[in-house]
Amino acid sequence: MKVERVKGTRDFLPEEMAKRRWVFERIRETFERYNFHEVLTPTFEYTELFKLRSGEEVVKQLYAFLDKGGRDISLRPDMTSSVARLYVASFQTAPKPIKWYYIANMFRYEEPQSGRFREFWQAGVELIGSDKVEADAEVIALFTESYLATGLEDFTVNIGDRVLLDEFAKMLGVKDDIGLMRLIDKKDKLTKEEFVKALRDIGLSDEGVEKVLSLVEIKGEPNEVLPKAEELFTSEEAKAEIKRLYELVDLLDAYGVSKWIRIDLGIARGFDYYTSVVFEAIAPNDLGIGSIGGGGRYDNLIEVFGGRPTPATGFAIGIERLIPILERKGLIPEVKLRPDVYVIPVGEELGVRKAAIEIVSALRRAGVETDLELTGRKLRKALDYAGRLGVPHVVIVGRKDLESGNVTIRDMETGEQKVVKKEEAVGELMTLLGL
RNA sequence: GCCGGGGUGGUGUAGCCUGGUCAGCACAGGGGACUGUGGAUCCCCUAGCCCGGGUUCAAAUCCCGGCCCCGGCCCCA
């Protein structure tokens with residue numbers, strides 16, 4: 001009988017936890033500066049909740065099971081459904097907008113591969129109750145700033161638009177608009193020839209193919225490519241949406257994040273609930289990691305969940321995709337897992353052991369990260385241990401010193417030792433540590 | 001769900017093709033040489049062939065199935 005981890009899950013060891021926590025903290029601080037507030041919903045919901053949003057076919061991606069009461073339950077595949085449920089149930093009459101954030105684990109029943117696990121973490125926000133372009137700008141600015149807060153600078157936030165994509169499918173008169181969008185979404189993975197062939201395969205005419213090729217050209221600096229969009233689209237609805245995009249990039253300029261903003265009308269980001277602006281962040285890397293986060297506007301979802309029609313927008317940052325990139329770039333600070341002081345009692349006498357504990361306790365209360373030798377190993381081995389760990393200061397508490405009320409403080413770097421009164425040990429160590 | 005490559009003490013590995021020495025080595029861990037002074041040295045100890053079945057006198061080694069890991073596809077909320 002062997003106990004193993006469940007497929008697609010991971011154990012996080014102290015060193016990695018410290019790094020992850022550092023990343024979470026940078027993101028959390030940024031979210032809070034934008035006045036988003038943290039919420040947490042249950043790890044699992046009725047499977048129905050997730051079906052409601054995305055239809056039956058999502059079930060195969062869900063980590064779903066029947067509980068002992070026969071309830072059809074799924075671990076959350078993301079936070080948006082739960083947040084929408086919470087909003088509909090209890091916050092419809094709350095002052096708008098609602099600005100919530102979360103940092104939590106999500107679950108998807110998929111084959112694990114690079115940057116992809118069955119349990120993974122996302123940090124995201126939802127802004128509910130504003131259909132204004134200001135809300136999109138606020139969210140996209142925060143999205144950008146969140147990456148910047150982790151030290152990442154080599155990335156772009158690419159903005160697309162579902163209204164324009166839908167309009168585009170209408171213009172072409174294709175039946176399989178989902179197929180078209182999937183194809184457009186993965187254009188970068190194909191050569192131009194393959195792309196054209198695939199377009200013909202779904203029934204596009206030469207003219208249609210030409211139009212798609214012009215669409216995917218609308219990619220780059222907003223001020224360079226948005227005029228091209230104006231040429232391509234003719235309907236009033238599309239014109240209005242393009243105007244909105246112009247405003248959006250203008251506002252993002254005021255936020256001071258234009259440097260990272262690009263337009264890419266080929267972005268679709270899933271096919272279920274986004275209704276207008278969509279966006280994703282891409283950071284160049286050699287790890288095979290694509291998007292490191294994304295989001296968009298979803299103005300219909302609340303209604304689907306039984307609420308009054310309410311506009312909303314949000315994003316999620318994929319932690320498992322971000323961290324390897326940060327690590328590769330050396331942006332996550334090294335973490336210290338050793339104590340600053342290590343106290344070694346020498347000998348078995350109760351008095352010695354208690355004296356050691358008293359020093360450890362006093363140091364800990366004074367805010368010093370302190371460890372006590374707990375295995376009963378001999379002084380030689382204990383010093384060896386402290387040396388390997390890189391502990392800077394060791395306190396040796398032994399009967400000989402204690403008889404005259406003293407303990408010994410050893411500097412592990414130089415090997416210099418100092419005998420001090422037991423009562424003065426804490427003060428002395430604080431000075432040595434510069435506290 | 002599909003495809004490719006893997007799985008040997010805690011970690012990293014040799015052995016596998018060509019079946020047959022107590023499954024070797026390094027690091028890590030515990031103890032001792034050394035009963036109050038570290039990183040050295042020496043000695044000892046702990047600990048392994050992913051699981052199940054098959055072939056064989058004999059399986060880590062060959063065959064089948066499963067599980068898991070790495071990567072790709074599909075899909076990506």
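Residue numbers begin at 1 in each chain, while the letters A, B, ... track the order of the sequences. Quantities reported herein were computed from a predicted structural model and do not represent experimental measurements.
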Checking only heavy atoms, does the side chain of A:R5 share a donor-acceptor pair with the base of B:rC69 at less than 3.5 Å? no

Across all strands, who's sitting opposite B:rG29 as a Watson-Crick or G-U wobble pair, both distances under 3.5 Å? B:rC45

Who does B:rG24 pair with, Watson-Crick or G-U, both distances under 3.5 Å?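 When the pairing criteria are applied, B:rU13 turns out to be the nucleotide that pairs with B:rG24.
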
Pairs where residues 410-435 of chain A contributes a residue and the test ring-ring contact (aromatic ring centres under 6.0 Å, His included) is met, not counting sequence neighbours: none

Going by ring-ring contact (aromatic ring centres under 6.0 Å, His included), name the pairs with one or both residues in residues 383-404 of chain A, residues two or more places apart or in two chains. A:Y342-A:Y385

Can you give the donor-acceptor pairs under 3.5 Å from side chains of residues 421-429 of chain A to other protein atoms, not counting sequence neighbours?
unit_1, atom_1, unit_2, atom_2, d
A:K421, NZ, A:S404, O, 3.2
A:K422, NZ, A:E358, OE1, 2.5
A:E428, OE2, A:K418, NZ, 2.6

Is a donor from one side chain sitting under 3.5 angstrom from an acceptor on the other, for [X] and [Y]?
{"X": "A:T310", "Y": "A:E303", "answer": "no"}
{"X": "A:E126", "Y": "A:T80", "answer": "yes"}
{"X": "A:Q417", "Y": "A:R410", "answer": "yes"}

For [X], answer base if it contacts any base atom (sugar-phosphate contacts may also be present), sugar-phosphate if it contacts only those atoms, and nothing otherwise; contact means non-hydrogen atoms under 4.0 Å.
{"X": "A:M412", "value": "base"}
{"X": "A:G8", "value": "sugar-phosphate"}
{"X": "A:L389", "value": "nothing"}

Expressed as a whole number of angstroms, how long is the span from A:K7:NZ to B:rG1:P?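 Value for this atom pair: 7 Å.
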
Could you check if a side-chain atom of A:M412 sits within less than 4.5 angstrom of a side-chain atom of A:V394, using non-hydrogen atoms only?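 Yes. Closest side-chain heavy atoms under 4.5 Å.
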
Any side-chain N or O of A:Q113 under 4.0 Å from OP1/OP2 of B:rG72?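 So the side chain of A:Q113 is within the cut-off, an N or O lying under 4.0 Å from OP1 or OP2 of B:rG72.
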
Contacts to RNA chain B from residues 416-435 of chain A, heavy-atom cutoff under 4.0 Å, which residues? A:Q417

Go through residues 390-405 of chain A and report each residue with a non-hydrogen atom lying under 4.0 Å from RNA chain B, sorted by number.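 Contacts with RNA chain B under 4.0 Å: A:I396, A:G398, A:R399, A:K400, A:D401.
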
Quick one: which of [options] gets closest to the side chain of [X]?
{"X": "A:E110", "options": "B:rC69, B:rC75, B:rU37", "result": "B:rC75"}
{"X": "A:D384", "options": "B:rC73, B:rG39, B:rC75", "result": "B:rG39"}
{"X": "A:R321", "options": "B:rC69, B:rU37, B:rC76", "result": "B:rC76"}
{"X": "A:R108", "options": "B:rC67, B:rC76, B:rC75", "result": "B:rC76"}

Enumerate the protein-to-nucleotides 28-33 of chain B contacts in which both atoms are nitrogen or oxygen and the separation is below 3.5 Å.
unit_1, atom_1, unit_2, atom_2, d
B:rG30, OP1, A:R377, NH2, 2.9
B:rG32, OP1, A:K378, NZ, 2.6

Out of the candidates A:L326, A:L322, A:I325, only one should pair with A:Y147 under the side chain to side chain contact (heavy atoms under 4.5 Å, CB included) rule; please name it. A:L322

Of A:L402, A:V352, A:I357, A:V407, which is the lone residue that meets side chain to side chain contact (heavy atoms under 4.5 Å, CB included) with A:P345?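 It is A:V352, the one option of A:L402, A:V352, A:I357, A:V407 that forms the side chain to side chain contact (heavy atoms under 4.5 Å, CB included) with A:P345.
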
Do A:E320 and A:R20 sit within salt-bridge range, that is, some charged N less than 4.0 Å from a carboxylate O?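 Result for this pair is yes, salt bridge flagged.
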
Taking the basic N atoms (NZ, or NE/NH1/NH2) and the acidic carboxylate oxygens, is any pair closer than 4.0 Å for A:K329 and A:D154? yes

On a whole-Å scale, what distance lies between the [atom1] atoms belonging to [N] and [M]?
{"N": "B:rC25", "M": "B:rG20", "atom1": "C1'", "result": "22 Å"}
{"N": "B:rA59", "M": "B:rA23", "atom1": "P", "result": "13 Å"}
{"N": "B:rG29", "M": "B:rU21", "atom1": "C1'", "result": "29 Å"}

First locate atom CE of A:M171, then atom CG of A:L215, and finally report the distance between them rounded to the nearest 0.5 Å.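 Reported value, rounded in 0.5 Å steps: 8.5 Å.
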
